[in-house]
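The structure appears right after this line, and notes come after that.
Numbered from 1 within each chain, the chains take letters A, B, ... in sequence-line order.
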Amino acid sequence: MAIQKPTLPKGTRDFGPLQMARRNYIFDIIKDTFKLFGYQQLETPSMENLSTLTGKYGDEGDQLLFKILNSGDYLKDVAPSDIEAGAAATLAKVSEKGLRYDLTVPFARYVVMNRNEITYPFKRFQIQPVWRADRPQRGRYREFYQCDADVVGTDSLVCELEILLMIKRVFASLGLKDYAIKLNNRKILTGLAEVIGAAGREGELCVAIDKLDKIGWAKVQEELQQRSFKQEAIGKLSPIIDLLGSNREKLDFLESFLKDSEIGLKGIVELREVLELLNQYGESEDFVDFDVVLARGLSYYTGAIFEVKVNHVSIGSVSGGGRYDNLTGVFGLEGVSGVGFSFGVDRIYDVLEELNLFPTEQLEGTQVLITYFEEEGRNYGLQVLNKLRTAGIASELYPDVVKIKKQFTYADKKQIPFVMVLGSDEINAKQVSLKNLISGQQESMDLSDAIKMIQGQ
RNA sequence: GUGGUUGUAGCUCAGCUGGUUAGAGCGCUGGUUUGUGGCACCAGAGGUCGCCGGUUCGAACCCGGUCUUCCACCCCA
């Protein structure tokens, strides 16, 4: 058999040591924030029954699901007539499981299955990979991590407030200073469709309007025409398009614009309250931007909609979420309101890399490498190694008896800041030689002094 | 899913209108230094030119297919 070069499946990646250190840096900040706000961690299986997943993300979403072929003879139930009927008819007979597409639907499933054990309001966070059979691009992968935090069992707008606060805390910790938390409300979009005389069509309306900053008002009008919106209705939208000013000014304008839509006004009230709560908490409205044309997750969001975009980078949104009043309804549990959002770690990684915001100092990693010349030094080194680790210092002993130069090169490559050299002089004097590879200074001392010096750093 | 794009050493890339043994920089290994890394100098290893097929006396180069990369659309983190 000919040797073949190994490759990765399309849209997947390996993460090397440097990348993992950087990813953990991001994960730790997010995790700490979720915990600080009282969220508890949950994990669910990578695969779910296909019946749990399908129909939750729209037709597009169903197409992007990775399906898992049944084990064994997966063709045993397939008749020739099934194959003639096409892929859709055959699928149900060859696959009953799929990889999760997001963390929200598995969470809804979990809530329904554990409805009696859960204490409400239930605040949970979940950090796991999800899979989408999309075509990969920059910032778009087939396997990527989501960091979700959701609350179910309350419709309090305090939850919306906390989402804003968590986003602000995470981004501040990451050193991101130029970003926008775009905020809107599904009810406002519904109201918008009502007052322009296109009630019930906010989905279509939003798909077009959402592209405003990308393709411009003229093109959006064209698209709306193609979707057979009346010219009169399109004309009514124009004051919305150039809406500028503070959040308050925009809300004031929308309030009069939506005066004939009860639901639209409800959305305004909700948004005002979220901003008011932010104020009560003692936090500014910096980075929070009410954006009437923001439209995401329309297949299930019913209240607030969030999206976070970092300015001046070539990556799409890095976080998003919203309120869904009845996500568990499809699983037979009605009346459970939830709100949640998600950080896209892989995209945040790309953003931090593009903006050069990763901390340069390597916090994780070995602090000391023990080097020696022969067996005797290695035996002495093992005792030293034990004491270093007992003192809580990340340390390692070079495993092979090789030239000292090679051992130093290893320390240098691995960016280990200290090297201990153990030769006959040190062994006889029961000391160690400690070299600081950054300053280049080296001196002999007792091990206890060396430990102090390393910890003093 | 639709349209386009890319693939040459571990990495980043050269390689003329098809013509002998396919190059550079960085990295890697060894040496200058048998108790000392980074810097410098010297030497060396490393490629069925993504894969399969076709055209041709001759293909890294032209053609077809396939996989991969990146981009736009759709949608999304």
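Looking only at side-chain heavy atoms (C-beta outward), A:F66 and A:R132 stay at 4.5 Å or farther from each other.
Side-chain atoms of A:D412 lie closest to B:G38 of the nucleotides B:C70, B:G38, B:G35. Nearest nucleotide to the A:I404 side chain, out of B:U68, B:G1, B:G35: B:G35. Checking B:G37, B:G30, B:G31 against the side-chain heavy atoms of A:K406 singles out B:G30 as nearest. Closest to the side chain of A:Q137, out of B:G37, B:C71, B:C75, is B:C71. Out of B:G3, B:U36, B:C74, the shortest distance to the side chain of A:E60 is found at B:C74. With B:C76, B:C70, B:G35 as the choices, the nucleotide that has an atom nearest any side-chain atom of A:S424 turns out to be B:G35. Taking the side chain of A:R138 as heavy atoms from C-beta on, and the options B:G35, B:C70, B:G37, the nearest nucleotide is B:C70.
Annotation: A:Q225, atom CD; neighbour count of heavy atoms from other residues, nucleotides and ligands within 6.0 Å is above 12.
Here the two rings, on A:F34 and A:F125, have centers that are under 6.0 Å apart. Ring centroids of A:Y372 and A:Y380 are separated by 6.0 Å or more, keeping the two rings apart. Centroid-to-centroid, the aromatic rings of A:F341 and A:F306 stay 6.0 Å apart or farther.
Taking atom P in both B:U12 and B:C75, the straight-line distance is 33 Å, to the nearest Å.
The CG-P distance, from A:N436 to B:G37, rounds to 15 Å in whole Å.
We find the CD1-CD distance between A:I393 and A:E396 to be 13.5 Å, quoted to the nearest 0.5 Å.
Every pair tested for salt bridge (charged side-chain N to carboxylate O under 4.0 Å, His left out) that includes a residue from residues 49-59 of chain A fails, sequence neighbours excluded, so the list is empty.
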Worksheet item: How does RNA chain B look in dot-bracket notation if pairs are Watson-Crick or G-U with both distances under 3.5 Å, crossing ones as [ ], other-strand ones as |?
Response: ((((..(..((((.....[...)))).(((((.......))))).....(((((..]....))))))..))))....
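At the heavy-atom level, A:T104 lies nowhere under 4.0 Å from the strands shown. Among the protein residues, A:G11 comes within range of the sugar-phosphate backbone only, with heavy atoms under 4.0 Å from sugar or phosphate atoms but none that close to a base.
Residues of residues 139-151 of chain A that place a heavy atom closer than 4.0 Å to RNA chain B, in numerical order, are A:G139, A:R140, A:Y141, A:F144, A:Q146.
If you find the closest nucleotide of RNA chain B to A:V421 and to A:Q63, the one lying nearer the 5' end belongs to A:Q63. The residue among A:R347 and A:T409 whose nearest nucleotide of RNA chain B is located toward the 5' end is A:T409.
When each of A:K414, A:K406, A:Q407, A:K413 is tested with A:Y410 by the rule side chain to side chain donor-acceptor pair (under 3.5 Å), just one qualifies, namely A:K414.
Scanning atom types as modelled, one donor and one acceptor separated by under 3.5 angstrom connect the side chain of A:Q442 and the base of B:U36.
With no hydrogens or angles considered, no side-chain donor-acceptor pair links A:T12 and A:R142 at under 3.5 Å.
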